[in-house]
Amino acid sequence: MKILVPVKRVVDANVKIRVRPDGSGVELANVKMAMNPFDEIAVEEALRLKEAGKASEVVAVSIGPVKTDETIRTALAMGADRGIWVKTDEAGIEPLTVAKLLKKIVEAEGPGLVILGKQAIDDDCNQTGQMLAALLGWPQATFASKVEIGEKTIAVTREIDGGLQTLDLDLPAVLTTDLRLNEPRYASLPNIMKAKKKPIEEKPAAELGVDLAPRLQLLSTTEPAGRTAGIKVGSPAELVDHLKKAGVL
Amino acid sequence: MADHLPTLLFAEHDDASLNPVTARALTAALALGAPVHVLVVGENARPAAEAAAKLAGVAQVLLADGPAYAHRRAEPVAALGVALAGQYGAIAAPSTAFGKSVLPRIAALIDVMQVSDVVAVIAPDTFERPTYAGNAIQRVRATDATKVLTIRTAGFAPATEGGSAPIQPVDEAGAFAGSRFVGEEIATSARPELTAARIIVSGGRAIGSAENFHSVVEPLADALGAAVGASRAAVDAGYAPNDWQVGQTGKVVAPDLYVALGISGAIQHLAGMKDSKVIVAVNKDEEAPIFQVADFGLVGDLFQIVPELTAEIAKAKG
Ligand SMILES: Cc1cc2nc3c(=O)[nH]c(=O)nc-3n(C[C@H](O)[C@H](O)[C@H](O)COP(=O)(O)OP(=O)(O)OC[C@H]3O[C@@H](n4cnc5c(N)ncnc54)[C@H](O)[C@@H]3O)c2cc1C
């Protein structure tokens, strides 16, 4: 069974982003980029399934403009076998469009499982996996924290409000990862060298027959109303006085 | 014309009772300006439908009740949403694990780009939503005829009771055989639920163990009548269950009072709580970023401060 892992290039989780003063968006020039952390977890899970003999090949796919191949290379350095780069002119392709493009890749590759991150930490949409599952007519399990694969089915434990839920899905299926599914490995130096020789197939998005036009018009991007630091209090008793005055007790 | 069609709001519930986030999402749905129909999907879910019918402003409750909808698996629920979609100008749900799983599935099937985590309704087609862990707020206009929205409920006041909407049964939209419910581990607690609580006490990595959550964090929460939350680090370490996680990728809360114990204040944590009315932080590091958002800070060892604070609260409440 082949596993397809879509990965997204995003601003590194440790970077404090800046909103452009003219409201046109977030400053992306000279900002450190990285693979979306949830996608690292997805790559890791796919690799573990392969190492356990449950999968034959792990294919990383990413959709984006120049330098998107760096993120695919990261997946290859972790251990993915090959990459597919769906090239676009710009970043910020909407999840619905991404799902449609991924559907084309799924139709061409025929994976038995697609594992995605539950959300990208830039747009925070939390949509792509569910949309892809819908377009394929496949079952889905979002927010996976444990995966057990069988012959024709996969049991997935999900993090839901209030606790955990386990679903059994027929394969092929779509999973999205939550934080506690695994701890992704770091790529070792030899594997980073090896990854340079692994193939990345390039496909222009425009040739996949999907309308790339956005459906959401971005009117403005602004900084949220900030909070200012308050005061330090000397003792628990003093704190309780303040809380009483603030009317929150 | 879609503007004149009613809005369909998915209720968040567990069949037996309606989750309070529904009343908050209703406020957002009503802001669209069209009549709101609340859809209750489940098995033996009439009690939840009756509770939804009592919310002021609801024009109609739709009850889809049957074994196909047990545990609200995303596939059959989305199929129902798609079957109903043509009659609605907007389809909305609270941004819960359920809403997040189901709505994008519906959106894709009706070829609509969803607007996730709406925090403000500017116009029936224009919304604000947070990106980058809440550090950049986007204002977007949705150009699809039908709007599909998940609502970040923390920012909307709950609709009040006092309604008496009719409850209309709806037919099943067809079964889905590709997935099966196996089991659930849902914690039951006498404490308020995180997303509905007026006060939250959260513990971080510094709490050190699950036992310390019980012996240090929970007594303070109980003295305050608060819900208990946690940072990702505390959940990852197994000190607290996953559904306590507050943050960018956990629950987003905005209580009257948020007390952060031994939490450093990483942007991903702040994303889940910085809209709280009053924030208190206890941390031994006076440079901890959490103090930049805290109204009241106590610098020191939480294992010494928290029991004292618990006693002071108990005294104040007498
Ligand atoms: C993709 C992604 C998603 C994430 N999502 C979330 C999320 O949803 N929610 C979340 O919380 N985090 C999230 N994180 C993690 C986040 O970046 C931080 O790592 C995490 O919030 C840190 O938790 P903490 O503050 O408990 O631990 P630490 O950062 O280790 O802080 C512990 C604090 O305790 C203080 N301390 C230690 N001992 C004592 C003592 N005895 N008394 C008083 N104070 C003490 C220390 O001074 C320190 O400030 C995410 C990260 C990533 C990459």
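In what follows, every heavy atom counts, from backbone to side chain, and hydrogens, waters and symmetry copies are set aside.
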#### Entry: chain B contact via A:Q140 - side chain, backbone, both or neither, heavy atoms under 4.5 Å
both

### Task
With a 4.5 angstrom heavy-atom cut-off, could you sort out which part of B:I267 is near chain A: side chain, backbone, both or neither?
side chain

### Task
Taking B:R139 for its side chain and A:T222 for its backbone only, find out whether a donor-acceptor pair lies under 3.5 Å.
no

### Query
Which of the residues B:E185, B:E184, B:R105, B:E193 is involved in the greatest number of heavy-atom pairs with chain A at under 4.5 angstrom?
B:R105

### Summary
Given A:D178, A:L132, A:L96, the one with more heavy-atom pairs under 4.5 angstrom with chain B than any other is A:L96

### Message
Can you confirm whether A:K2 is buried at NZ, in the sense that more than 12 heavy atoms of other residues, nucleotides or ligands lie under 6.0 Å from that atom?
### Response
yes

### Task
Please look at A:A237 and chain B and tell me whether the side chain, the backbone, both or neither of the residue comes under 4.5 angstrom of a heavy atom of that chain.
both

### Message
Just verifying a value: how many Å separate A:I121 CD1 and B:Y132 OH, rounded to the nearest 0.5 Å?
### Response
8.5 Å

### Query
Does a side chain donor of either B:N135 or A:E223 reach within less than 3.5 Å of an acceptor in the other side chain?
no

### Task
Search all heavy atoms of B:S179 against all heavy atoms of A:L169 and return the closest pair with its distance.
CB-CD2, 3.4 Å

### Message
Any non-hydrogen side-chain atom of B:Q245 less than 4.5 Å from a side-chain atom of A:L179?
### Response
yes

### Summary
So, the part of B:A177 with a heavy atom under 4.5 Å from chain A: the answer is backbone

### Query
What residues of residues 94-103 of chain B sit under 4.5 Å from chain A when only non-hydrogen atoms are counted?
B:T96, B:A97, B:K100, B:S101

### Query
Is it the backbone or the side chain of A:T228 that comes under 4.5 Å from a heavy atom of chain B, or both, or neither?
backbone

### Task
Side chain from CB out, backbone as N, CA, C, O: work out which of these in B:P130 comes under 4.5 Å of a heavy atom of chain A, or both, or neither.
backbone

#### Entry: Heavy-atom closest pair, residues A:W138 and B:F176
C-CZ, 4.2 Å

### Query
Among residues 230-241 of chain B, which ones touch chain A with a heavy-atom distance under 4.5 Å?
B:R232, B:V235, B:D236

## Note on the structure
To the nearest 0.5 Å, atom CG of A:D168 lies from atom CZ of B:F181 at 12.0 Å

## Note on the structure
Turns out that what part of A:R18 lies under 4.5 Å from chain B's heavy atoms comes down to neither

### Message
Between A:D161 and B:E12, is the side-chain contact (heavy atoms from CB on, under 4.5 Å) condition met? List the steps.
### Response
CA-CA 11 Å; A:D161 302 333; B:E12 178 73 24; 4.2 Å; yes

### Message
To the closest 0.5 Å, what do you measure between CG (A:L249) and CD (B:E312)?
### Response
11.0 Å

### Message
Quick check on A:V233 against chain B: is it the side chain, the backbone, both or neither that has a heavy atom closer than 4.5 Å?
### Response
both

### Message
Set out, in order, the CA-CA distance, both residues' side-chain angles and the distance that settles side-chain contact (heavy atoms from CB on, under 4.5 Å) for B:S116 and A:Q119, then state yes or no.
### Response
CA-CA 11 Å; B:S116 293; A:Q119 79 193 66; over 6 Å; no

### Query
Would you find more than 12 non-hydrogen atoms of other residues, nucleotides or ligands less than 6.0 Å from A:K54 atom NZ?
no

### Message
Between A:S235 and chain B, with a heavy-atom cut-off of 4.5 Å, which part of the residue counts as in contact: side chain, backbone, both or neither?
### Response
backbone

### Message
Quick check: do B:Q138 and A:S220 have side-chain heavy atoms less than 4.5 Å from each other?
### Response
no

### Query
Should we say atom CD of B:Q304 is surrounded by more than 12 heavy atoms from elsewhere, each under 6.0 Å from it?
no

### Summary
In terms of heavy-atom pairs under 4.5 Å with chain A, the winner among B:T150, B:I279, B:I106 is B:I279

### Task
Using a cut-off of under 4.5 Å on heavy-atom pairs, state which of A:V19, A:D123, A:T128 scores highest against chain B.
A:D123

## Note on the structure
B:A136 and A:T221 have their tightest heavy-atom pair at CB-CG2, 3.8 Å

### Query
CZ of A:F143 to OG1 of B:T249: how many Å apart, nearest 0.5 Å?
11.0 Å

### Message
Just checking A:E90: does its CD atom have more than 12 heavy atoms from other residues, nucleotides or ligands closer to it than 6.0 angstrom?
### Response
no

### Closest contact, heavy atoms only, A:M131 versus B:A107
CE-CB, 3.8 Å

#### Entry: Heavy-atom pair count under 4.5 Å with chain A, highest-scoring of B:V293, B:T188, B:D111
B:D111

### Task
Determine, for B:F291 and A:K232, whether the Lys NZ or Arg CZ falls below 6.0 Å from the six-membered ring centre while staying within 45 degrees of the axis.
yes

### Query
Highest number of heavy-atom pairs under 4.5 Å with chain A: which of B:V140, B:T131, B:D256, B:I137?
B:I137

### Task
Heavy atoms only, distances under 4.5 angstrom: which of A:T97, A:I154, A:V248, A:N126 has the most pairs with chain B? Name it, please.
A:V248

### Query
Got a salt bridge between A:R227 and B:D295, using NZ or NE/NH1/NH2 to carboxylate O under 4.0 Å?
yes

### Message
Distance alone, cut at 3.5 Å: any donor-acceptor contact between the side chains of B:R73 and A:Q165?
### Response
no

## Note on the structure
Greatest number of non-hydrogen atom pairs under 4.5 angstrom with chain A, of B:E75, B:K315, B:H71, B:E286, falls to B:E75

### Task
Kindly indicate, with the supporting measurements, whether the criterion side-chain contact (heavy atoms from CB on, under 4.5 Å) is fulfilled by B:T126 and A:L219.
CA-CA 9 Å; B:T126 307; A:L219 303 179; 3.6 Å; yes

### Summary
Counting heavy-atom pairs under 4.5 angstrom with chain B, the leader among A:G23, A:A173, A:G230 is A:G230

### Message
Looking at B:R180 and A:D170, is any side-chain nitrogen of the basic one under 4.0 Å from a carboxylate oxygen of the acidic one?
### Response
yes

### Query
Is it the side chain or the backbone of A:V26 that comes within 4.5 Å of chain B heavy atoms, both, or neither?
side chain

## Note on the structure
Okay, A:A141 and chain B: the region with an atom under 4.5 Å from a heavy atom over there is neither

### Query
Are there more than 12 heavy atoms of other residues, nucleotides or ligands under 6.0 Å from atom CG of A:D89?
no

### Query
Less than 4.0 Å between a side-chain N and a carboxylate O, is that true for B:R152 and A:D124?
no

### Message
Please classify the contact between A:I160 and chain B as side chain, backbone, both or neither, with a heavy-atom cut-off of under 4.5 Å.
### Response
both

### Message
So which residue, A:G162, A:P214, A:A133, ends up with the most heavy-atom pairs under 4.5 Å with chain B?
### Response
A:G162

#### Entry: Choice from A:P224, A:A225, A:P95, A:A246 maximising heavy atom contacts with chain B below 4.5 Å
A:P224

### Message
Quick check on the interface: out of B:K317, B:K277, B:K251, who has the most heavy-atom pairs with chain A under 4.5 Å?
### Response
B:K251

### Task
Sort A:V174 into side chain, backbone, both or neither according to what part of it lies under 4.5 angstrom from a heavy atom of chain B.
neither

### Task
Measure the CG-CG distance between A:L239 and B:L309 for me, rounded to the nearest 0.5 Å.
5.5 Å

### Query
If you round to the nearest 0.5 Å, how far is CZ of A:R215 from CE of B:M113?
9.5 Å

### Message
Does any backbone or side-chain atom of B:A294 lie under 4.5 Å from a heavy atom of chain A? Answer side chain, backbone, both or neither.
### Response
backbone

### Task
Sort B:L224 into side chain, backbone, both or neither according to what part of it lies under 4.5 angstrom from a heavy atom of chain A.
side chain

### Query
Hey, mind stepping through B:T143 and A:L216 against side-chain contact (heavy atoms from CB on, under 4.5 Å) and telling me if it holds?
CA-CA 6 Å; B:T143 60; A:L216 301 184; over 6 Å; no

